[in-house]
Amino acid sequence: MYNVLSAQQIKDAEAELISSGISGALLTFSAALAIADGISDRAGEKGAKTAVFCGSGGNGCDGALAAIRLHRIGRKVCIYTVGNFGDKSAASEALRFARCNGVKILTSEEYDGSADIIIDAIFGIGLNRNIDDATASLINRLNCQENAFRFAVDIPSGLNADSGEIMGASFDAHVTMTFSCYKRGMLFGRGRDCCGRILVEDIGIPTSSDVKIYTDADFKPFKRKQSAHKGNAGRVYVIGGCGTMIGAPVMAGAAAHAAHLSGAGTVTVCVPSVHRTATSARSTMSMMKYLSDTPDGFIKFDKTELDEIAERADAVNIGMGMGKTPDLKRILQYFCDNYDKSLIIDADAINCLNGDIGFLKNAKCNIVLTPHVGEFKRLTGNDPTIENARKLAGDINGIVVLKSATTIVTNGAETRLNVTGTPAMAKGGMGDILGGCITALTCAFSPLDAATVACYRNGIGAERAVSSYAEMMLTANDVLHMANYPELDD
């Protein structure tokens with residue numbers, strides 16, 4: 001797993017290391033070697049022309065020393081200076097050292113646009129203001145070199161390291177090599193767009209954080225016991241659908257299918273009785289339960305029916321396609337008061353809360369709330385940030401899965417970020433599939449682990465599926481089938 005830190009946290013970690021007696025110069029040399037090795041491994045032949053754009057701060061110092069290393073191993077490299085350099089700065093000293101080693105140094109105004117490889121070492125993680133017009137113009141010009149390989153040092157210049165906001169202009173990297181940990185701004189706002197592929201290089205700065213990114217190696221393989229049978233492998237109930245949306249039962253069925261493929265022993269789809277004929281024809285693996293409904297086809301509160309579900313279910317997924325049923329909030333209140341296992345709240349079940357979440361905090365059951373960014377803002381009135389997701393998790397005493405390009409999974413104390421996936425997932429039905437996967441996995445893992453694994457494997461499934469499909473053709477079912485790969489189950 002990788003730690004995720006704010007700019008101030010990484011600065012504090014670096015300062016603490018230096019105060020212990022480690023020279024900052026050693027960290028700079030370590031970073032420079034990592035940059036040079038990264039370029040040598042990933043970008044073209046030795047004859048390729050490499051342009052290193054260096055600012056006057058620590059990032060520029062890293063870039064200048066990396067240029068020396070590239071020059072020594074036979075790369076055609078030239079340093080282009082950006083901004084004003086003081087005579088006594090570390091970056092100025094690095095430039096003098098580069099010149100002594102035979103590296104050509106020009107100003108950025110002299111750049112002719114001919115480089116095959118562009119290394120961005122202009123600004124680092126300390127940028128907190130809009131960059132000047134001249135530098136913004138340079139960055140935009142570099143971004144227009146479509147045939148050049150663009151490589152950012154630590155963070156793309158112009159990207160705020162905490163918020164992911166673009167500070168006037170931002171370098172668009174194919175690869176960003178960052179040091180010691182992920183920075184928050186790489187994962188939120190426009191960070192995912194600007195960073196390209198992110199490589200985390202350990203240069204010797206110890207970091208710790210309660211915000212982490214999980215990888216394949218962090219998930220323990222899950223195996224059923226030899227004596228397992230469908231009755232003890234998890235009974236999942238999916239409640240969804242209404243009469244006014246013809247696709248709603250299909251959405252509920254998609255969540256049920258996801259639950260099947262994620263390991264549930266049995267899955268029961270609960271839809272309003274108005275859909276009895278349509279869903280009977282579609283149902284294959286799932287059992288069906290038809291709930292009492294209003295003349296308009298909305299599921300009604302019926303204690304006897306809900307008692308049966310609460311008694312049998314190991315996990316309940318509720319919300320998709322239920323519409324603005326007047327009884328939905330009452331149904332949620334029932335489960336909170338009478339059910340003691342896992343309740344995954346999605347879609348219309350989130351929307352019906354209208355900010356009233358107090359009753360969730362004292363629920364008997366494990367609550368997993370799965371809003372996308374729009375639902376989160378409507379529910380809380382707050383921006384979809386890590387801190388606000390944590391607050392919501394604390395307010396409901398449960399798990400929040402805040403779905404976006406970088407999905408936040410938190411119980412309020414511990415936060416896990418999921419960065420797997422692809423823009424092709426920006427399509428209806430993806431959340432329904434995820435909800436079904438989380439629901440099934442809560443029968444085998446803790447709710448926090450279940451949500452983490454489900455987000456991770458669905459993202460991986462999308463990455464695999466999009467290599468076989470045109471990006472715009474990807475469907476939720478494609479993701480689901482590719483997500484169930486052997487590495488997590490062997």
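Just so we're clear, the structure is a prediction, and the values are computed from it rather than from any experiment.
At a threshold of 4.0 Å, the pair D395-R390 does not count as salt-bridged, since none of the basic side-chain nitrogens sits closer than that to a carboxylate oxygen. Note on R312 versus E305: no salt bridge recorded, every NZ/NE/NH1/NH2 to OD/OE distance being 4.0 Å or above. A salt bridge does not link D218 with K212: every distance from a Lys NZ or Arg NE/NH1/NH2 to an Asp or Glu carboxylate oxygen is 4.0 Å or more. Look at K289 and E308 and you find a salt bridge, because one of the NZ, NE, NH1 or NH2 atoms lies within 4.0 Å of a carboxylate O, short of that distance.
Under a 3.5 Å cut-off, the side chain of R192 and the backbone N or O of A405 do form a donor-acceptor pair. The main-chain N or O of E414 is found under 3.5 Å from a side-chain atom of N411 such that the two form a donor-acceptor pair. The closest donor-acceptor contact from the side chain of H174 to the backbone of F149 lies at 3.5 Å or more, if one exists at all. Proximity of a side-chain donor or acceptor of T415 to a complementary backbone N or O of V211 within less than 3.5 Å is not detected. Remark: side-chain polar atoms of D302 are not paired, donor with acceptor, to backbone N or O of S292 under 3.5 angstrom. In terms of modelled atom types and a separation under 3.5 Å, the side chain of N143 and the main chain of S170 share a donor-acceptor contact. Side-chain N or O atoms of D327 include one that pairs as donor or acceptor with a backbone N or O of F301 at under 3.5 Å. Between the side chain of T325 and the backbone N or O of F298 there is no donor-acceptor pair closer than 3.5 Å. In terms of modelled atom types and a separation under 3.5 Å, the side chain of D154 and the main chain of F179 share a donor-acceptor contact. In this structure a side-chain-to-backbone donor-acceptor pair under 3.5 Å is present from S262 to A258.
Residues N382 and E387 form no side-chain contact, since every pair of their non-hydrogen atoms from C-beta on lies 4.5 Å or further apart. A heavy-atom distance below 4.5 Å is not found between the side chains of S342 and T439. Residues I299 and I331 have side chains in contact (heavy-atom distance under 4.5 Å, counting atoms from C-beta outward). At least one side-chain heavy atom of C455 sits under 4.5 Å from a side-chain heavy atom of V409. Counting heavy atoms from C-beta outward, T176 and F151 have side chains that stay 4.5 Å or more apart. Looking only at side-chain heavy atoms (C-beta outward), L291 and V271 stay at 4.5 Å or farther from each other. Residues V238 and V236 are in side-chain contact: their nearest non-hydrogen atoms beyond the backbone lie under 4.5 Å apart. Contact annotation: the side chain of V175 never approaches that of C195 to less than 4.5 Å [non-hydrogen atoms, C-beta and beyond].
Residues F376 and A389 approach most closely at CZ-N, 3.8 Å, considering heavy atoms. For K427 against L474, the heavy-atom pair with the smallest separation is NZ-O, 2.7 Å. Taking all atoms of both residues into account, the shortest heavy-atom contact from E463 to T422 is N-CG2, 4.2 Å. Heavy atoms only, all atoms of each residue included: G158 and L127 are closest at CA-CD2, 3.5 Å. For G461 against M482, the heavy-atom pair with the smallest separation is O-CB, 3.3 Å. Here the shortest heavy-atom pairing between L17 and G204 reads CD2-O, 3.3 Å.
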Residues D346, K403; criterion salt bridge (charged side-chain N to carboxylate O under 4.0 Å, His left out); working and verdict = CA-CA 11 Å; D346 194 11; K403 298 177 291 191; 3.5 Å; yes
Does the pair F171 and R150 meet the rule for a side chain to side chain contact (heavy atoms under 4.5 Å, CB included), with working shown?
-> CA-CA 8 Å; F171 187 73; R150 298 189 295 275; 3.4 Å; yes
For the pair T420 and N418, evaluate side chain to side chain donor-acceptor pair (under 3.5 Å) and give the outcome as yes or no after the intermediate values.
-> CA-CA 6 Å; T420 64; N418 181 68; 3.0 Å; yes
Please test I309 against V316 for side chain to side chain contact (heavy atoms under 4.5 Å, CB included), starting from the C-alpha separation and ending with a verdict.
-> CA-CA 8 Å; I309 294 172; V316 174; 4.1 Å; yes
Can you list the steps and then say if I438 with V368 is a side chain to side chain contact (heavy atoms under 4.5 Å, CB included)?
-> CA-CA 9 Å; I438 294 173; V368 182; 4.2 Å; yes
Side chain to side chain contact (heavy atoms under 4.5 Å, CB included) between N366 and I399, worked out = CA-CA 8 Å; N366 299 313; I399 308 298; over 6 Å; no
Which is it for K364 and D340 under the salt bridge (charged side-chain N to carboxylate O under 4.0 Å, His left out) test, yes or no, and what are the steps along the way?
-> CA-CA 5 Å; K364 286 185 176 180; D340 62 358; over 6 Å; no
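Test T407, T452, T410 against R416 for side-chain hydrogen bond (donor to acceptor under 3.5 Å, both in side chains) and you get one pass: T452.
One finds the CG atom of L306 at 12.0 Å from the NZ atom of K300 (value rounded to the nearest 0.5 Å). We find the CE-CG distance between M430 and D478 to be 7.5 Å, quoted to the nearest 0.5 Å. In this structure, OH on Y237 lies 6.0 Å from CE on M287, to the nearest 0.5 angstrom. In this structure, the separation between CD1 on I318 and CG on L332 is 5.0 Å, given to the nearest 0.5 Å. Expressed to the nearest 0.5 Å, how far CG of D62 lies from CZ of F29 amounts to 10.5 Å. Note: L5 CG to I10 CD1 = 5.5 Å, rounded to the nearest 0.5 Å.
In E16, the CD atom is not crowded: 12 or fewer heavy atoms of neighbouring residues, nucleotides or ligands sit closer than 6.0 Å. Within 6.0 Å of NZ on K11 lie more than 12 heavy atoms contributed by other residues, nucleotides or ligands.
K361 and N397 are not linked by any side-chain donor-acceptor pair at a separation below 3.5 angstrom, with hydrogens and angles left out of the test. Defined by atom type and a distance below 3.5 Å, a donor-acceptor pair is present between the side-chain atoms of T385 and N388. K183 and T178 are linked by a side-chain donor-acceptor pair at a separation below 3.5 angstrom, with hydrogens and angles left out of the test.
Taking the six-membered ring where tryptophan is involved, the planes of Y339 and F335 are perpendicular, since the angle between them exceeds 60° and thus also 30°.
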